[in-house]
Amino acid sequence: MPRDLPKAYDPAAIEDRWAAYWVEEGLFDQPHAADTTSARAHPVFSVLLPPPNVTGRLHMGHMLEHTEIDILTRWHRMCGNLALWIPGTDHAGIATQLMVERQLAEEHKTRQQLGREAFVERVWQWKQHYGAAILDQMRRLGTSVDWSREYFTMDGPRSAAVREAFVRLYEQGLIYRGAYIVNWCPRCQTAISDLEVIHEEQQGKLWEIRYPIVGENGFVTVATTRPETMLGDVAVAVHPDDERYAHLHGKMLRLPLTGREIPVVTDSWVSREFGTGAVKVTPAHDPNDFAMGQRQGLPSISVMGETAHMNAAAGAYAGLDRYKARQRVLADLEAQNLLAGVRDHVHAIGKCDRCKTVVEPLLSTQWFIRIQPLADHAIAAVEQGYIRFTPEQYSKTYFEWMRNIHDWCISRQLWWGHRIPAWHCAACGKITVARTTPEVCSHCGSNRIEQEKDVLDTWFSSGLLPCSSLGWPEHTPDLDAFYPTRLLVTGFDILFFWVARMIMLGCHFMLDEPMADGSKRTLQDAVPFREVYIHALVRDADRQKMSKTKGNVIDPIQVVERFGTDAVRFTLAAMAAPGTDIAFNEDRTDGYRAFANKIWNAARFIFMQMERAADAGIVSDLHQLGAEPENDAPLEARWIVSRLNRTAGEINQALGEYRFHEAANTLYSFFWGDFCDWYLEVVKLRLDFTAAPTPVRSAPVRSALATLLSVFESALRLLSPFMPFISEEIWHALYENHPPARSIALTRYPQAREDLVDSAAEQQMERTQGLIVAVRDMRRQLGVEEKATVPILLRVAPAERRDIEQNSDIISRLAKVSSIEFVDSMPEGAGVRSAPGFDVAVVYERTIDVAAECERLKKELARFEKEISNADRQLSNEGFLAKAPANVVEGLRRRAAELTVLIPKNRAALDSLNCNQ
RNA sequence: GGGCGGCUAGCUCAGUUGGUUAGAGCGCCUGCCUUACAAGCAGGAUGUCGGGGGUUCGAGUCCCUCGCUGCCCACCA
């Protein structure tokens with residue numbers, strides 16, 4: 001027998017072995033070119049791994065996400081679903097480029113020095129290294145993904161999908177190119193989308209500047225936070241109804257420092273309350289001004305370049321950095337007495353999400369997606385309930401954003417990414433957009449064409465993943481079988497970046513695509529996933545957000561090495577209440593390491609019993625034994641089987657609602673509380689091979705062993721999605737390395753069987769447990785030696801006496817009772833415990849600690865009295881009786897009846913001990 | 001400027017549609033090496049559910065308000 005398990009569980013000794021086994025055996029791979037009829041015959045559970053960026057290592061948030069997806073995937077797989085979890089990594093354009101630039105900087109090099117081609121080659125090297133490391137970590141964590149379908153957002157099939165998507169959108173007129181105000185990062189040297197700008201409140205200044213009126217004495221005073229951009233002013237705007245400025249409509253102003261003349265225009269966007277009510281208009285450097293410029297037909301003057309230095313149009317200020325220029329402008333205005341005032345002003349300043357450089361709104365030629373048509377479908381998909389969010393509140397956030405969406409700037413002036421499939425013609429200046437690299441300009445036939453240098457926003461390719469990971473734009477069997485994916489699990493931080501984009505792109509491209517049966521997909525089947533589960537943020541033990549700068553980042557691999565993967569997974573699951581951030585606390589993990597050890601030792605115990613049974617020649621093959629308890633089976637067997645089924649029901653329900661914490665806690669308390677603490681202790685009674693004077697070749701022993709094994713095996717299966725390693729190891733040992741399947745992960749998940757839920761047995765067991773606990777407590781109070789057995793006096797209703805007698809061996813063993821004497825009334829003065837259903841006293845020579853007992857009784861009495869007065873009040877309230885559900889009323893009546901019995905007993909005990917003297 | 005969440009035992013957190021006595025882990029106190037497990041066993045103590053008001057027969061749970069505290073979104077210079 002290979003069951004010579006070490007006394008303490010050592011995760012390190014088994015985890016690598018199983019992690020490798022699962023991958024090598026391809027246990028979680030689905031056949032390619034899947035038979036779609038079989039896919040339709042089975043429920044499908046398909047899920048996409050949110051691709052980790054190839055920027056570094058996995059962090060705790062990844063581990064939470066992967067644990068949650070893995071639990072669900074393993075669960076669905078064991079429930080008989082065709083489960084497919086596709087893994088992959090993201091090239092993460094700007095983020096990865098930044099990492100490599102930093103690496104270069106350490107070598108005192110820049111990407112410009114390397115040149116585009118060499119630089120991109122260098123990033124590929126980085127990707128090889130870090131991408132592989134991330135996937136290794138995933139294997140280490142036991143994620144049950146389909147490695148045969150692994151993707152990278154810049155590999156061949158995904159690049160083809162990106163090109164197809166771009167070209168189609170272009171052909172549909174949904175992509176345009178033009179000069180607009182964009183968010184420009186002067187450090188990254190690229191445009192970024194609105195989402196990549198993070199706003200931070202900052203204490204700044206609001207300057208008031210006088211613009212002289214041409215041909216008159218006097219000024220218009222404008223207020224601005226960006227004085228340096230005044231060099232690009234093309235107008236001053238006032239509200240049309242603002243009487244203060246009515247006389248100036250149509251007049252010209254002389255722009256200070258430049259002498260240029262600019263008009264006063266009216267625009268109802270201007271707020272009369274803010275500043276002076278007159279606003280300088282700088283279309284090239286402010287999004288609002290740009291919009292106004294368009295409305296008013298004003299020109300744009302760019303005075304700042306891509307590095308946020310003033311350009312030639314800034315005249316004397318050319319070459320100055322924007323902040324330097326600001327100082328100089330202010331000083332010059334001051335000198336000319338044109339600075340009317342300055343005051344403190346708090347405003348939000350935009351910074352680059354990646355490098356934290358202050359973003360500059362710049363006029364720049366970029367590619368955009370006309371987003372409204374896509375957004376319309378995306379809104380409808382959620383409104384119609386084709387996509388559901390959990391927690392539900394996120395759908396509100398989603399709508400909020402989607403209904404106020406702006407066109408998406410998809411071009412980036414980066415080198416790492418999907419290069420836009422557009423070619424500029426040097427001859428005719430027109431653009432050719434094509435799926436395959438063209439030889440000549442499609443407009444004039446010239447061969448002087450050059451591909452667009454810009455690359456696409458990284459989210460363009462990841463936004464296509466639900467389709468592209470299944471083979472789109474090809475019409476593949478995978479797409480037929482697994483699209484829409486069933487679920488997306490991700491963090492709220494990429495709700496707009498990624499989730500929203502996937503919904504828009506998925507709905508757009510999959511609508512009207514053929515399904516497996518040849519019919520066209522409607523919106524319902526075009527969505528990229530049917531449900532979105534938004535998980536929490538993992539914080540440190542002090543609820544602080546983990547960040548490199550704070551130095552509080554927990555490396556999952558390190559924690560895993562200390563406590564074992566299963567313990568960390570279980571910690572995350574047990575703390576993952578939907579909608580609540582997780583304060584990751586290692587104390588908790590230590591507790592679950594102990595849980596793993598508990599499971600391990602339960603297995604050791606069971607293996608010992610099996611060996612003994614084999615040695616005694618009781619059974620040849622334990623696994624052949626029937627598992628269901630007979631009607632005359634002992635209480636503990638009927639009880640544990642009932643508890644198992646109830647537990648299975650609760651876990652299945654909880655997992656179906658993404659209530660990981662509830663599932664984990666239910667499992668924990670079942671295994672430790674019910675199975676180990678009670679059931680195993682009682683079962684020892686049935687399996688007492690040594691004590692039996694006669695040969696133990698008896699049916700009861702076989703029956704006990706059968707239940708023990710069956711319940712334990714079921715518990716392991718319940719456990720396996722949460723703790724795949726230890727459950728796999730023990731399961732194989734249980735079957736002596738000849739298990740009925742290659743992995744416990746391929747067995748069936750236990751489902752609740754109503755016919756095995758035995759409420760009567762549960763109630764009886766609860767009463768028995770109550771009695772045992774009462775006796776144990778009295779023993780402690782009386783100071784009975786741990787090993788001594790003592791007689792008890794017991795008073796129960798005659799009807800229950802038989803139950804107690806039947807289970808007297810359980811009581812004797814677990815409460816160390818030598819004999820039970822049934823009495824009709826308790827003797828005076830003895831330490832008596834009263835509970836609903838029984839009074840019990842321990843017979844022992846020592847007397848109890850009267851003071852302590854009085855205190856206990858008084859506390860209990862106070863609690864009872866409060867409770868009965870509550871109960872009486874409610875029961876005499878007609879509204880309650882009329883409106884409360886019958887079971888609630890009935891429950892309260894029963895409790896009141898119990899209290900009516902218990903309270904006098906309590907008082908009598910207090911009297912007999914003279915507690916009140 | 002809009003919107004969302006949190007406040008429950010010493011600590012970290014559960015508590016689904018309002019329903020009988022508000023729970024867990026860790027920590028704490030007491031006693032045990034009981035031959036699966038001392039990473040264990042048995043027993044115990046601990047809460048005016050942030051304050052106030054309201055709805056209801058009944059509120060930790062729903063509504064209003066106040067306080068503290070996070071977070072997201074936002075083109076008022």
Side-chain angles (χ1 to χ4, degrees), chain A residues 5 7-9 181 194 199 206 222-226 237 269-271 273-276 278-282 286-291 345 347-348 361 393-394 396-397 400-401 404 406 492-493 495-496 537 541-543 545 574-575 577 579-585 587-588 590-609 653-654 657 659 661-662 665 668-669 676-677 680-681 684 690 773 776-777 779-781 783 785-787 816 856 863-864 866-867 870-871 873-874 877-885 887-896 899:
Chain A
L5 302 185
K7 193 168 168 183
Y9 173 54
I181 278 276
D194 293 347
H199 296 273
L206 188 65
V222 302
T224 181
T225 56
R226 303 275 331 256
W269 172 82
V270 177
S271 159
E273 290 74 37
F274 190 90
T276 61
V279 55
K280 61 197 254 339
V281 184
T282 324
D286 183 283
N288 293 312
D289 294 6
F290 181 78
H345 177 63
H347 66 291
Q393 62 190 61
Y394 283 106
K396 209 177 151 185
T397 313
E400 189 68 23
W401 186 78
N404 295 294
H406 300 300
F492 65 87
D493 51 330
L495 183 61
F496 308 137
L537 199 66
D542 300 320
R543 299 202 65 76
K545 209 167 172 172
M575 299 188 80
T580 312
D581 283 351
I582 292 173
F584 188 84
N585 193 334
D587 291 347
R588 202 69 189 258
D590 204 34
Y592 293 122
R593 177 178 64 153
F595 181 47
N597 193 55
K598 188 77 181 173
I599 297 161
W600 188 257
N601 276 286
R604 289 181 64 224
F605 169 78
I606 289 163
F607 294 164
M608 271 177 58
Q609 306 308 314
Q653 170 146 19
E657 295 165 6
R659 307 171 68 80
H661 69 298
E662 202 174 288
N665 289 328
Y668 180 93
S669 61
C676 291
D677 288 349
L680 287 186
E681 291 309 314
K684 285 175 181 172
T690 52
V773 168
R776 282 171 175 169
D777 185 26
R779 288 175 58 107
R780 181 190 60 85
Q781 233 186 0
E785 294 82 359
E786 201 66 29
K787 286 177 180 167
K816 297 203 179 68
R856 187 189 71 79
R863 208 171 59 231
F864 286 167
K866 188 178 161 202
E867 206 185 325
N870 273 335
R873 187 163 38 77
Q874 295 227 66
N877 184 319
E878 281 178 29
F880 174 73
L881 296 177
K883 291 179 189 168
N887 62 322
V888 172
V889 177
E890 184 46 40
L892 197 59
R893 281 221 171 93
R894 202 164 39 236
R895 179 61 183 166
L899 290 167

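A note on names: the letters A, B, ... follow the listed sequences, proteins ahead of strands, and every chain is numbered from 1.
Protein atom CZ of A:R588 is 9 Å distant from nucleotide atom C1' of B:A14, rounded to whole Å. Atom P of nucleotide B:A36 and atom CD of A:Q609 are separated by 7 Å, given to the nearest angstrom. Computed from coordinates, the A:L881 CG to B:G19 P distance equals 18 Å when rounded to whole Å. The interatomic distance linking A:R226 (CZ) with B:C76 (P) rounds to 15 Å, in whole Å. The distance between atom CD of A:E657 and atom C1' of B:A14, rounded to the nearest whole Å, is 15 Å. B:C76 atom P lies 14 Å from atom CG of A:L206, rounded to whole Å. Residue A:E662 contributes atom CD, which lies 13 Å from atom C1' of B:A24 at whole-angstrom precision. When rounded to the nearest whole Å, the span between CG of A:N585 and P of B:U12 equals 9 Å.
Contacts of A:H347 classified as ring-ring contact (aromatic ring centres under 6.0 Å, His included), with partners at least two apart in sequence or in another chain: A:H345. Listed by chain and residue number, nothing satisfies the salt bridge (Lys or Arg N to Asp or Glu O under 4.0 Å) test with A:R873 (two or more places apart in sequence, or in another chain). Applying the ring-ring contact (aromatic ring centres under 6.0 Å, His included) rule to A:W401 yields the partners A:F496; only residues at least two apart in sequence or on another chain are considered. Listed by chain and number, the residues in a side-chain contact (heavy atoms from CB on, under 4.5 Å) with A:N877 are A:F880 (sequence neighbours excluded). With sequence neighbours excluded, no residue satisfies salt bridge (Lys or Arg N to Asp or Glu O under 4.0 Å) with A:R776. Taking the salt bridge (Lys or Arg N to Asp or Glu O under 4.0 Å) definition, one finds that A:D677 meets it with nothing, sequence neighbours left out. Not a single ring-ring contact (aromatic ring centres under 6.0 Å, His included) links A:F290 to another residue, sequence neighbours left out.
One distance of note links CE of A:M575 with CZ of A:R588; it measures 4.5 Å at 0.5 Å rounding. Atoms CG and CZ, on A:L537 and A:F492 in that order, are 5.0 Å from each other to the nearest 0.5 Å. One finds the CG atom of A:L899 at 5.0 Å from the CD atom of A:E867 (value rounded to the nearest 0.5 Å).
When the C1' atom is used for both B:U55 and B:G18, the distance is 12 Å, rounded to whole Å. The same atom, C1', is picked in B:G10 and in B:G51; the two are 22 Å apart, to the nearest Å. Spacing of C1' atoms, B:G6 relative to B:C49, comes out at 14 Å, to the nearest Å. For the P atoms, the distance linking B:A36 with B:C41 amounts to 13 Å, nearest Å. B:U12 and B:C73 are spaced 30 Å apart, taking the C1' atom of each and rounding to whole Å. B:U34 sits 16 Å from B:G40 when the P atoms are compared, rounded to a whole Å. On the C1' atoms, B:U61 is 11 Å away from B:U16, given to the nearest whole Å. Comparing the P positions of B:G47 and B:C11 gives an interatomic distance of 13 Å, to the nearest angstrom.
Counting only heavy atoms from C-beta on, A:K883 has its side chain closest to B:C57 among B:C57, B:U34, B:G15.
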Every protein N/O lying under 3.5 Å from an N/O of nucleotides 4-6 of chain B:
unit_1: B:C4; atom_1: OP1; unit_2: A:K396; atom_2: NZ; d: 3.1

For nucleotides 69-75 of chain B, give me every protein contact, N/O to N/O, under 3.5 Å, one pair per line with atom names.
unit_1: B:C75; atom_1: O2'; unit_2: A:N288; atom_2: OD1; d: 3.2
unit_1: B:C75; atom_1: O2'; unit_2: A:N288; atom_2: ND2; d: 2.1
unit_1: B:C75; atom_1: N1; unit_2: A:N288; atom_2: OD1; d: 3.3
unit_1: B:C75; atom_1: O2; unit_2: A:N288; atom_2: OD1; d: 2.3

Atom pairs under 3.5 Å: protein N/O with N/O of nucleotides 20-23 of chain B:
unit_1: B:U20; atom_1: O2; unit_2: A:G891; atom_2: O; d: 2.9
unit_1: B:U20; atom_1: O2; unit_2: A:L892; atom_2: N; d: 3.3
unit_1: B:U21; atom_1: N3; unit_2: A:R895; atom_2: NH2; d: 3.2
unit_1: B:U21; atom_1: O4; unit_2: A:R895; atom_2: NE; d: 3.3
unit_1: B:U21; atom_1: O4; unit_2: A:R895; atom_2: NH1; d: 2.8

Between the protein and nucleotides 40-43 of chain B, list the N/O to N/O atom pairs that are separated by less than 3.5 angstrom.
unit_1: B:G40; atom_1: O3'; unit_2: A:K598; atom_2: NZ; d: 3.0
unit_1: B:C41; atom_1: OP1; unit_2: A:K598; atom_2: NZ; d: 2.8
unit_1: B:C41; atom_1: OP1; unit_2: A:W672; atom_2: NE1; d: 2.6
unit_1: B:C41; atom_1: OP1; unit_2: A:D677; atom_2: OD1; d: 3.3
unit_1: B:A42; atom_1: O3'; unit_2: A:R776; atom_2: NH1; d: 3.2
unit_1: B:G43; atom_1: OP1; unit_2: A:R776; atom_2: NH1; d: 3.2
unit_1: B:G43; atom_1: O2'; unit_2: A:D777; atom_2: OD1; d: 3.1
unit_1: B:G43; atom_1: O2'; unit_2: A:R780; atom_2: NE; d: 2.6

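Between A:G879 and A:I606, it is A:I606 whose nearest contact on RNA chain B lies nearer the 5' terminus. For the pair A:Y592 and A:S271, both in contact range of RNA chain B, the more 5′-proximal nearest nucleotide belongs to A:Y592.
Both the sub-6.0 Å distance and the 45° axial angle are satisfied by A:K684 relative to the ring of A:F605.
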task: Verify side-chain contact (heavy atoms from CB on, under 4.5 Å) between A:D590 and A:R593, making sure each step is shown before the conclusion.
output: CA-CA 5 Å; A:D590 204 34; A:R593 177 178 64 153; 2.6 Å; yes

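Residue A:K280 is out of contact with every strand shown, counting any heavy-atom pair closer than 4.0 Å. Across all strands, A:L495 comes closer than 4.0 Å to no nucleic acid atom at all (heavy-atom distances).
Taking both residues in full, the closest heavy atoms of A:H661 and A:A577 are given as ND1-CA, 3.4 Å, listed atom of the first, atom of the second, then distance. The two residues A:K7 and A:N597 come nearest to each other via the heavy atoms O-OD1, 4.2 Å. The minimum heavy-atom distance linking A:T276 with A:A223 is given by the pair OG1-N, 3.8 Å.
Within the 3.5 Å criterion, the main-chain N or O of A:E400 finds a donor-acceptor partner in the side chain of A:N404.
Around the CD atom of A:Q653, the shell of radius 6.0 Å holds no more than 12 heavy atoms that belong to other residues, nucleotides or ligands.
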For RNA chain B, the expected dot-bracket line (Watson-Crick or G-U under 3.5 Å, [ ] crossing, | inter-strand) is (((((((..((((.....[...)))).(((((.......))))).....(((((..]....))))))))))))....

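Relative ring orientation between A:Y668 and A:Y592 is described as perpendicular, the plane-to-plane angle rising above 60° on a 0-90° scale split at 30° and 60°.
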